[in-house]
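To find a chain, count down the sequence lines: A is the first, B the second, and so on, and within it residues start at 1. Note that this is a predicted model, so its numbers are computed, not measured.
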Number of protein chains: 2
Amino acid sequence: MYDQTEYRAEILKALGQPTRMKIIDFLRDGERCVCEIFPAIGEEHSNTSRHLNLLLSSGILARRKDGIKIYYAVKHPEVFEIVDLATLIMTHDITGRQRLLKVA
Amino acid sequence: MYDQTEYRAEILKALGQPTRMKIIDFLRDGERCVCEIFPAIGEEHSNTSRHLNLLLSSGILARRKDGIKIYYAVKHPEVFEIVDLATLIMTHDITGRQRLLKVA
DNA sequence: CATATATATGATTGTATAATCATATGCCAG
DNA sequence: CTGGCATATGATTATACAATCATATATATG
């Protein structure tokens with residue numbers, strides 16, 4: 001049994017991990033199959049599969065099967081807004097915290 | 001050394017924990033001292049202090065000292081937008097996932 | 001200076017998480 | 001039916017995290 005606070009935290013926690021952040025970034029242009037995702041983000045298929053499953057079960061991704069392939073897509077456009085706001089905070093905060101950033 | 005992905009993930013991860021979510025909620029109306037925060041969210045002062053420190057060092061909170069008291073405040077208004085978007089996702093997702101929610 | 005209040009930190013413990021390797025399942029083609 | 005590709009999952013390991021209790025520091029006040 002869940003309360004609101006835990007549920008909201010779960011969503012943000014799901015997004016707050018580098019591998020999953022890369023997945024979300026890669027899914028900006030729409031659904032992709034696992035075989036496209038894991039090479040794109042540079043992770044093992046096994047690890048990628050687990051992170052995809054976590055994002056699925058926290059309600060962030062949708063899953064579609066097509067023959068042998070499984071396609072994942074971001075279910076709520078708000079997810080991209082959240083990620084963009086995090087980017088915004090990062091840029092605002094850089095001067096304040098003097099953090100070194102690799103401009104990837 | 002940090003890249004953009006890790007930094008953005010760190011911000012969302014910091015927000016994605018129930019105790020810290022409660023802290024952010026409580027700080028909506030502006031800065032509060034630790035002695036107001038921990039009874040309001042129902043956590044030990046010690047635990048609260050640690051979470052405040054984490055939020056501070058991930059760049060989300062600002063800290064101000066006034067005599068014996070330490071006041072914390074949310075530094076970026078985007079933080080509230082993120083939390084609100086998470087709430088929105090939650091409400092959109094309720095019917096889809098049939099999750100039971102205590103309406104706190 | 002002694003005491004009380006506010007906050008932070010050390011040490012510990014249990015639990016969760018991420019990554020990896022190996023193996024299993026499902027589905028299509030020949 | 002066999003082989004190969006796509007995906008998922010079991011087992012393991014190392015690391016990170018949250019919570020708690022006890023203790024330390026700092027500041028204000030009598």
(request) Check whether any side-chain heavy atom of B:K22 lies under 4.5 Å from a side-chain heavy atom of B:E43, and answer yes or no. (result)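 Heavy-atom side-chain distance check passes, below 4.5 Å.
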
Can you tell me how far the [atom1] atom of [X] sits from the [atom2] atom of [Y], to the nearest 0.5 Å?
X     : Y     : atom1 : atom2 : answer
A:R8  : B:I24 : CZ    : CD1   : 10.5 Å
A:I89 : B:L12 : CD1   : CG    : 7.5 Å
B:F80 : B:D25 : CZ    : CG    : 8.5 Å
A:S57 : A:R63 : OG    : CZ    : 10.5 Å
B:I11 : A:L15 : CD1   : CG    : 12.5 Å
A:I41 : A:T48 : CD1   : OG1   : 4.0 Å

(request) May I ask you to say what A:Y72 touches in the nucleic acid, namely base, sugar-phosphate or nothing, with a heavy-atom cut-off under 4.0 Å? (result)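 Since only primed, P, OP1 and OP2 atoms lie under 4.0 Å of A:Y72, the category is sugar-phosphate.
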
(message) Looking at every heavy atom in both A:V34 and A:P39, which two are closest together, and how far apart are they?
(response)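 In this case the closest contact between A:V34 and A:P39 is O-CD, 4.2 Å.
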
(message) Give me the atom names and distance for the closest heavy-atom approach of B:I82 to A:A86.
(response)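 Shortest heavy-atom separation between B:I82 and A:A86 comes out as CD1-N, 4.0 Å.
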
(message) Under a 3.5 Å distance rule, please check whether A:S58 uses its side chain to pair with a backbone N or O of A:L54 as donor and acceptor.
(response)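 Yes, the answer is positive, given that a donor and an acceptor are paired below the 3.5 Å cut-off.
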
(message) When you measure from the side chain of A:D3 to the backbone of A:E6, do you find a donor-acceptor pair of N or O atoms at a distance under 3.5 Å?
(response)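 Flag set: sc A:D3 to bb A:E6 pair under 3.5 Å.
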
For [X], which residues count as a side-chain contact (heavy atoms from CB on, under 4.5 Å) partner, sequence neighbours excluded?
X     : result
B:L88 : A:E78, B:L85, B:T91, B:H92
A:R32 : A:F26, A:L27, A:D29, A:E36, A:I37
B:A9  : A:P18, A:M21

(request) Round to a whole Å and report the spacing from CG of A:N53 to P of C:dT17. (result)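 Rounded to whole Å, this separation is 13 Å.
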
(message) Whole angstroms only, please: what is the CG-C1' distance between A:L55 and C:dA18?
(response)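 My rounded result for the distance is 13 Å.
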
Protein-nucleotides 11-16 of chain C N/O pairs closer than 3.5 Å?
from	atom 1	to	atom 2	distance (Å)
C:dA11	N6	B:R50	NH2	3.0

(request) Please list, in 5' to 3' order, the outermost nucleotides of DNA chain D lying under 4.0 Å from any heavy atom of chain A. (result)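 Footprint of chain A along DNA chain D, 5' to 3': D:dC5 to D:dA11.
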
(message) Filter on side chain to side chain donor-acceptor pair (under 3.5 Å), then keep only pairs touching residues 12-21 of chain A, sequence neighbours left out; what's left?
(response)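 Sorted result for residues 12-21 of chain A: A:R20-A:H51.
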
(message) Can you list, in residue-number order, the parts of residues 20-30 of chain A that come under 4.0 Å of DNA chain C, counting heavy atoms only?
(response)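 Under 4.0 Å from DNA chain C: A:R20.
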
(request) Check each residue of residues 35-42 of chain A for a non-hydrogen atom within less than 4.0 Å of any atom in DNA chain C, then write out the ones that pass by number, or none. (result)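 Output list: empty, so none.
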
(request) Identify, with sequence neighbours excluded, every residue that meets side-chain hydrogen bond (donor to acceptor under 3.5 Å, both in side chains) alongside A:E31. (result)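 Partners of A:E31 by the side-chain hydrogen bond (donor to acceptor under 3.5 Å, both in side chains) criterion, ordered by chain and then number, come out as A:R64.
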
(request) Could you list the residues that satisfy side-chain hydrogen bond (donor to acceptor under 3.5 Å, both in side chains) with A:D84, not counting sequence neighbours? (result)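 With sequence neighbours excluded, A:D84 shows a side-chain hydrogen bond (donor to acceptor under 3.5 Å, both in side chains) to A:R28, given in chain and number order.
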
(message) I'd like to compare against my own output: the B/S/- annotation of nucleotides 24-30 of chain C with a strict under-4.0 Å heavy-atom distance to protein.
(response) --BBS--

(request) Would you sketch DNA chain D in dot-bracket for me? Only Watson-Crick or G-U wobble pairs with both distances under 3.5 Å count, crossing pairs as [ ], other-strand pairs as |, the rest as dots. (result) ||||||||||||||||||||||||||||||

